[in-house]
2 protein chains.
Amino acid sequence: MDTQFQKKSKPRKRNEASILSAAEDVFAELGFAGATTSLIARRAGIPKANLHYYFPTKQALYRAIINNIFTIWLQAAETFDDCDDPGEALSRYIRAKMDIARKHPLGSKIWAQEIMQGAPQIQDFLETTLKGWTLSRVKIIKRWIAEGKIASVDPAYLLYMIWATTQHYADFAHQINTLNGGQALSDKQYEEVTSNAVTIILRGIGVQVQE
Amino acid sequence: MDTQFQKKSKPRKRNEASILSAAEDVFAELGFAGATTSLIARRAGIPKANLHYYFPTKQALYRAIINNIFTIWLQAAETFDDCDDPGEALSRYIRAKMDIARKHPLGSKIWAQEIMQGAPQIQDFLETTLKGWTLSRVKIIKRWIAEGKIASVDPAYLLYMIWATTQHYADFAHQINTLNGGQALSDKQYEEVTSNAVTIILRGIGVQVQE
DNA sequence: AATAAAACTGACCATCTGGTCAAAAAATAG
DNA sequence: CTATTTTTTGACCAGATGGTCAGTTTTATT
């Protein structure tokens, strides 16, 4: 029987889920090189040999997690649509990115560490999907500039700024929490921080924004 | 004789320098947990036992590097002075940070990984020096707002945005280079990117900026 | 209940880890 | 040049690492 269409068994589903979750934790905390399969197994509550039954190598496990991160990345990417109103399109995109930073901080950290290490696992993604997406958005932003809808700024640099700001709230959450009296940002604070980012960036590129 | 005032011998100076340089490389690339003393020693061109003669433990070596990063951080911090003109003060600070991001990308990456891992080595610095510095700058920014010199934004969130944008160019240099046709940003591009950041942020908080 | 397939795991392995040490070599001081 | 201090290093250690495997237990199917 073709295993491709075989339903995943109950224990497989349960264990793969808890391994992936533990691995996300550990990879975010220690990076690929620093993470150990025995620590991941311990956090997942299973023996190491069992982990290797589901994911034969540390690399395979890491790649599975990288795949999840891509999926999330693509979801946010889709919110940047070719809209007539740059203010609406950009504010929707920034908000989507801020949302992801809050909901998936571990993925963001793993991504950051991958890039810092020279993207050994995701270089092809950068060169194909990310590059393609960026070029198409650069075109849209250029059109907005040509139509006089936003100030003349280099589109790529604008995107970098959006990425920087939004990912910062995931990657540097610990630093922000420390400055916030040791507390994570509340829902209200996070909404403020999001509005703040949207406002500064939009006003920064000359888009009127109602407060 | 008091060794504290003893001049460092020639070999000591030479070796400590090359070890620190190699260690900065490796820690930035692999994080504290992932870095190995034998790899650092190999890159420094000395046997591992010799490395441990100068830095008894991996921690001691790491702390020495963290100390260097603090020094650099403080240098940038000083450029944010209590100036009458927010535009001038902020643009000077942003430029200083961008400069550091370019000149010391490894330090920035090590800092980023420290924070992502929950700041095991620098928590006290965050709670004392960084917190104190931030509070004092928040006061200055609040005064600017009260005087109507800049728009009403949360000062802390403004600082986060500045940190995010400037550090991004160090931490995510590889991603940016990939999107830049595999080339590092040229001097000219880096100047553009810096001006772009200054412009968007200043305009974003309602400061006129001449282009 | 019988069978086949999937899941589990203790014990094991070669290699690498941070770190030590004693003895040799090089640098420095008198 | 001699004596002393500093530096260098191969060999070594106990523990951890990623990964394997054979045999047992659990689950699913009939």
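Naming convention: chains lettered A, B, ... in sequence-line order (proteins, then strands); numbering from 1 in each chain.
For the pair Y54(B) and dT8(D), the criterion of a side-chain N or O lying under 4.0 Å from OP1 or OP2 is met. Within the structure, a side-chain polar atom (N or O) of Y53(B) is placed less than 4.0 Å from OP1 or OP2 of dT7(D). Between R12(B) and dT7(D) there is a side-chain polar atom (N or O) within less than 4.0 angstrom of OP1 or OP2. Distances shorter than 4.0 Å separate some side-chain N or O of N50(A) from OP1 or OP2 on dT9(C). The side chain of N15(A) contributes no N or O atom lying less than 4.0 Å from OP1 or OP2 of dA6(C).
The A49(A) side chain lies nearest to dT20(D) when the options are dC21(C), dA7(C), dT20(D). Of the candidate nucleotides dC8(C), dT9(D), dT7(D), dT9(D) has the atom nearest to the side chain of P47(B).
Atom CD in Q59(B) sits roughly 18 Å away from atom P in dT17(C) (whole-Å rounding). We find that NZ of K13(B) is positioned 17 Å from P of dT6(D), with the value rounded to whole Å. Per the geometry, CD1 belonging to I40(A) stands 10 Å off P belonging to dG19(D), to the nearest Å. Atom NE2 in H52(A) sits about 17 Å away from atom C1' in dA22(D), given to the nearest Å. Distance K10(A) NZ to dC8(C) P: 13 Å, rounded to the nearest Å. Between the P atom of dA7(C) and the CG atom of L51(A) lies a distance of 14 Å, rounded to the nearest Å. When the P atom of dG19(C) is taken as reference, atom CG of L61(B) falls 10 Å away, rounded to whole Å. We find that CD1 of I46(A) is positioned 15 Å from C1' of dG10(C), with the value rounded to whole Å.
Residue-environment remark: NZ (K142(B)) stays at or below the threshold of 12 foreign heavy atoms within 6.0 Å.
Annotation: W133(A) is in aromatic contact with W73(A) [ring centroid separation under 6.0 Å].
Ranked by how close their nearest DNA chain C nucleotide is to the 5' end, A33(B) and R14(B) are led by A33(B).
A salt bridge does not link E29(B) to K109(B): none of the charged side-chain nitrogens sits closer than 4.0 Å to a carboxylate oxygen. Look at K131(B) and E127(B) and you find no salt bridge, because none of the NZ, NE, NH1 or NH2 atoms lies under 4.0 Å from a carboxylate O.
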Working note: Q189(B) + N180(B), criterion side chain to side chain donor-acceptor pair (under 3.5 Å); need CA distance, chi angles, decisive distance, verdict.
CA-CA 10 Å; Q189(B) 283 178 311; N180(B) 191 45; 3.0 Å; yes
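The aromatic rings of H168(A) and F172(A) lie parallel to each other, their planes meeting at an angle below 30°, with 60° marking the opposite boundary. Aromatic ring pairs are classed by plane angle as parallel below 30°, tilted from 30° to 60° and perpendicular above 60°; the pair W144(B) and F80(B) is parallel. Note on ring orientation: taking the six-membered ring where Trp is involved, the planes of F32(B) and F27(B) are parallel (angle under 30°, cut-offs 30° and 60°).
The bend of the helix from dA1(C)-dT30(D) to dG30(C)-dC1(D), defined by the angle between the axes of its first five and last five pairs, stands at 30° to the nearest 10°.
For the pair T134(B) (side chain) and L130(B) (backbone), a donor-acceptor distance under 3.5 Å is present. The main-chain N or O of N67(A) is found under 3.5 Å from a side-chain atom of T71(A) such that the two form a donor-acceptor pair.
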Give every pair of a protein N or O atom and an N or O atom of nucleotides 14-17 of chain D that lie under 3.5 Å apart, one pair per line with the distance.
from	atom 1	to	atom 2	distance (Å)
dT17(D)	OP2	S38(A)	OG	3.4

